[in-house]
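I'd like to ask some things about the structure below.
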Amino acid sequence: MIDRRHFVTSLAGSVAALSLSGPLPGVFARAARHGRAGGEKVLVVIQLSGGNDGVNTLVPYGDDLYAKNRFSLAVPKDQVVRLDDYAGLHPALEPMAAMLEADRFSVVQGVGYPQPNRSHFESMDLWHTAHQLTGPQSTGWLGRAAGQLEQPGRLPPLHLGGEVQPLALATRGTPATSIRSIESFRLTFDGDGEVSKLLELSNGLPRQSGNPLLEHLEQGVAAATRASRRLAEVGNTRDRGVSYPTTGLAGKLRLVADLIAADMPVRVYYVTLDGFDTHANQGPAHASLLAELAGASAAFHGDLEKQGNLDRVLLFTFSEFGRRLKENGSFGTDHGAASIVQLTGPRMKSPLAGRYPSLTDLDEGDLKFTVDYRSLYATVLEQWLGVDPALVLDQRYPAVDLFA
Amino acid sequence: MDPATAWEPWSPADGDVWDLAKVAHLHRRAGFGTTWKQLAADAARTPAEVVRGLLDAATTTGPAEDDSVADVIAAGSEARRLASWWLLRMVRGSSAVRERLTLFWHGHFATSAAKVEQTRLMLAQYRTLRELGQGEFGALARAISCDPAMLVWLDCRESRKAKPNENFARELMELFCLGLGQYTEQDIRQLARCFTGSEIRYGQFRFNSFQHDRNEKRFLGAAGSYDREQAVDVVVKHPATARFLVHKLVRFHVADDLPADSPLIARLADWYRGEKLHTGKLLERILASRIFFSAEARGARISGPVELAVGLMRNFGLEANMDELASELAAIGQLPLYPPSVAGWEGGTTWINAQTLTGRANLVARLMQASAGRLPGAAGLGEKDDAASLVEGAVGWLLAVRPPAAVMKQLESIAGGTRNRSERLVRLVSALATLPEFHLA
């Protein structure tokens, strides 16, 4: 049930923002002027589905074993975007150079978990649930985090895309929403503006019914009105001077950027990019996927920078597993284990975090993990979202030194 | 309200009359709402007669009860089409009460086609819930304990003597009968032994006697060499079961927020036990009760997405593309046959946020517009046909709680003008759907 104190505060805030007339207490007037719910930190997760080849994304070019194992797929040394004298990025990630130079890019190396599962579904379920009870009762790590972040007026995590909602967002509380377009926040039938007029009037008349459900609904309608108004304003300045590539991922991130620009009360966004299961003829397919990822991310960050939101949005890019070190007989790679996670947005301590797994000490041909992914979750939960990791994960995990 | 009298039948009195608002309240909560004409007709009967009639209709069949279409869909692999089919039956079926109660049981024994995949198993489970949902709970629980869709959903395709599968035992106690805190992990392990020998083969339940543990089991204070059905009966007869079910049914029909430990619940649960957990009788008692028709119960629920859409379609007699409707419902949080987890839909305030409210209003507007002017359910509404009487009629019919006077005035300007009657109604109802009051049931 709604916390009364929060309810009253946020309702007063919304009325202020809507009517902008009459004397307002200072804090509400300020909030209304800035049109901002406090500039809270936002997490955007990009899921690379199918098992991204970490070895060819963060290339261990300094090790001869790399080229030996990747006889057809090895990225030539002179094309690697070097991060240190051992590892560097696939050239398709070139668009991330600006973020790299601004110390806003970090790759965590060797991310995985003990007893690696090489099934797409099972490993993805583990990442989504953070290794907690699987089955129909499962909840996702972000679903559980959202439960801790819940506040009146705030929206649950938002998944953008037409695919089934990722298990990571599953919760027993307020369900996450999936949307395909920004139209989900706009009334589609108010051609002559009569309904907006009605809402303006109605929202300015608190009901004082004593019915907590009606209070919840009033607050929801006020939030919906605010959202659609802000999005309309963003629409007017839609061209923020940023151009996005025409790819699917770029379209989704553009939508996220629009929502952030409109200051939607959302803390967690989730998007996916599929196609990383590159068992055959991996070279061009993987390069084009990485280019899609980098192009979309770079445009997104450029947009956020123009908005002045770069520091408060963290992009977290992961995949369910990496791929085998040795390429297969079809110019592709098979399911592997430890891989990388990319973090971009705020200022980072270093472009490389953790330690690159050994190319000789392998687990059935796969890289062994050096950082438990739950350590990364714990770090992001605690240091970015401000949620106690113990309430989301099954035990304590050491934090990873990421943020500057 | 005094628990001793709250569940006694309500009868009209001075200052507390049987009016259109009460008839509308009854139809919204018992079923999915009804046409304006039916409302007026029911206002001329007694409340007890109307409640009885609604429940009797639950045993009649009409064209929408013809099962052959469902069989055709179930022979295919698109379970989503079965959801569309069920939605159509909710809209057209001769008994809204029965479909709504089946929706309740579906949310209770929540099983998702997303995992079960075989459409025919989902249909078979739906038929079980519909067939047994209005009778004694014990029979329903026993049927669910060997329901193939449920056992596939809970990863219980097989439970062997040497390694009992505990999932069904856990959910039977936690989510289906007792609720958390009424049993121990030890109870789960013992109960799971009663279910050994259960197998699903080729979509059928089979009992493998070689894999059944015949030794004594001890759980919930009982001891015996129980088999599956006997074990279900032990759980069902536990006093917590009646309280747990009554609480859930009262939340679904009377008020979202009524606490589980309310003396009102305890009182009705005692009565329900005395009636051998007969849900049809319980439903009749709830729907005819003083508390049900009290001011406190009015607007004390938030309508779920299915109630919202099916209710609108039944009220106005609308037609729609049901596949499209299913997608729209998924986007606002409730696609039948696809509950989010075995715990079903949490409901109440969790239905509502800025995105779902906009989605709900857009859905209402689209359904109204798709009617192309045919609104048979609204025949007779607003006799004088002027804006004021259209607004007054529609608000009394569709809303549990009246919006403020200034809002009513503004609605009149939306419902006025020179357009024809059905266009004005479409505009009016679309506008109503943006108001907070519209989403209370």
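Quantities reported herein were computed from a predicted structural model and do not represent experimental measurements. By convention in this document, chain letters (A, B, ...) are assigned in the order of the sequence lines, proteins followed by strands, and residues within each chain are numbered from 1.
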Least distance between heavy atoms, A:Glu194 atom then B:Ile414 atom: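 So the two residues come closest at OE1-CG1, 3.6 Å.
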Spacing of B:Arg298 atom CZ and A:Asn211 atom CG [to the nearest 0.5 Å]: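 Going from the CZ atom of B:Arg298 to the CG atom of A:Asn211 covers 12.0 Å.
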Selection from B:Gly299, B:Gly359, B:Pro404, B:Ala300 maximising heavy-atom pairs under 4.5 Å formed with chain A: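 Greatest number of close heavy-atom pairs with chain A: B:Pro404.
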Minimum heavy-atom distance between B:Ala365 and A:Phe189, given as atom pair plus value: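 Closest pair (atom of B:Ala365, atom of A:Phe189, distance): CB-CD2, 3.1 Å.
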A:Leu214 to B:Pro436 - nearest heavy-atom pair and separation: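 Heavy-atom minimum between the residues: CD1-CB, 3.9 Å.
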Under 4.5 Å from a heavy atom of chain A, the part of B:Glu346 involved: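 For B:Glu346, the contact with chain A is made by the side chain alone.
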More than 12 heavy atoms of other groups within 6.0 Å of B:Glu324 CD: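 Yes, enclosed.
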Expected output: side-chain B:Asp256 to main-chain A:Leu213 donor-acceptor under 3.5 Å: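 No, the answer is negative, given that no donor and acceptor are paired below the 3.5 Å cut-off.
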Whether B:Asn362 side chain and A:Thr188 backbone form a donor-acceptor pair below 3.5 Å: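 At least one qualifying donor-acceptor pair exists.
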Atom pair OG1 (A:Thr177) and CD (B:Gln355), whose distance is rounded to the nearest 0.5 Å: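 Reported to 0.5 Å precision, the distance equals 4.5 Å.
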Closest non-hydrogen atom pair, A:Leu187 against B:Thr434: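 Here A:Leu187 and B:Thr434 meet closest at CD1-CG2, 4.0 Å.
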Distance-minimising heavy-atom pair for B:Ala354 and A:Ala224: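 Smallest heavy-atom distance, with atoms named: O-CB, 3.5 Å.
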Proximal component of A:Gln165, with respect to chain B [non-hydrogen, under 4.5 Å]: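 Neither part.
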Over 12 non-hydrogen atoms of neighbours within 6.0 angstrom of CD in A:Gln395: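 Yes, the 6.0 Å shell around CD holds more than 12 heavy atoms from other groups.
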Residue A:Ile179 versus chain B: region with a heavy atom under 4.5 Å: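 For A:Ile179, the side chain is the part near chain B, not the backbone.
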Atom of A:Leu217, atom of B:His439 and distance for their closest heavy-atom approach: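 Shortest heavy-atom contact: CD2-CB, 3.6 Å.
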Engaged part of B:Leu357 at the chain A interface, taking heavy atoms whose separation is under 4.5 Å: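 Side chain only.
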Between CG on residue B:Leu435 and CD on residue A:Glu218, distance to nearest 0.5 Å: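 The CD atom of A:Glu218 is 10.5 Å from CG of B:Leu435, to the nearest 0.5 Å.
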Residue B:Thr356 versus chain A: region with a heavy atom under 4.5 Å: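 Side chain only.
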Flag side-chain contact, heavy atom, 4.5 Å: A:Ser209 against B:Val401: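 No, their side chains stay 4.5 Å or more apart.
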Per-residue contact mode, A:Asp190 against chain B (heavy atom under 4.5 angstrom):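 For A:Asp190, no heavy atom lies under 4.5 Å from chain B.
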Under 4.5 Å from a heavy atom of chain A, the part of B:Gln369 involved: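 It is the side chain, since no backbone atom gets that close.
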Side-chain heavy-atom pair A:Pro212, B:Asp257 within 4.5 angstrom cut-off: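 Yes. Closest side-chain heavy atoms under 4.5 Å.
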Segment of B:Arg366 engaging chain A (4.5 angstrom heavy-atom cut-off):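 No part of it gets close to chain A.
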Atom NZ of B:Lys248: over 12 foreign heavy atoms under 6.0 Å: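 For B:Lys248, atom NZ is crowded (more than 12 foreign heavy atoms under 6.0 Å).
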Among A:Thr171, A:Leu198, A:Asp192, A:Val195, residue most engaged with chain B (heavy-atom pairs, under 4.5 Å):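 Maximum pair count with chain B is reached by A:Leu198.
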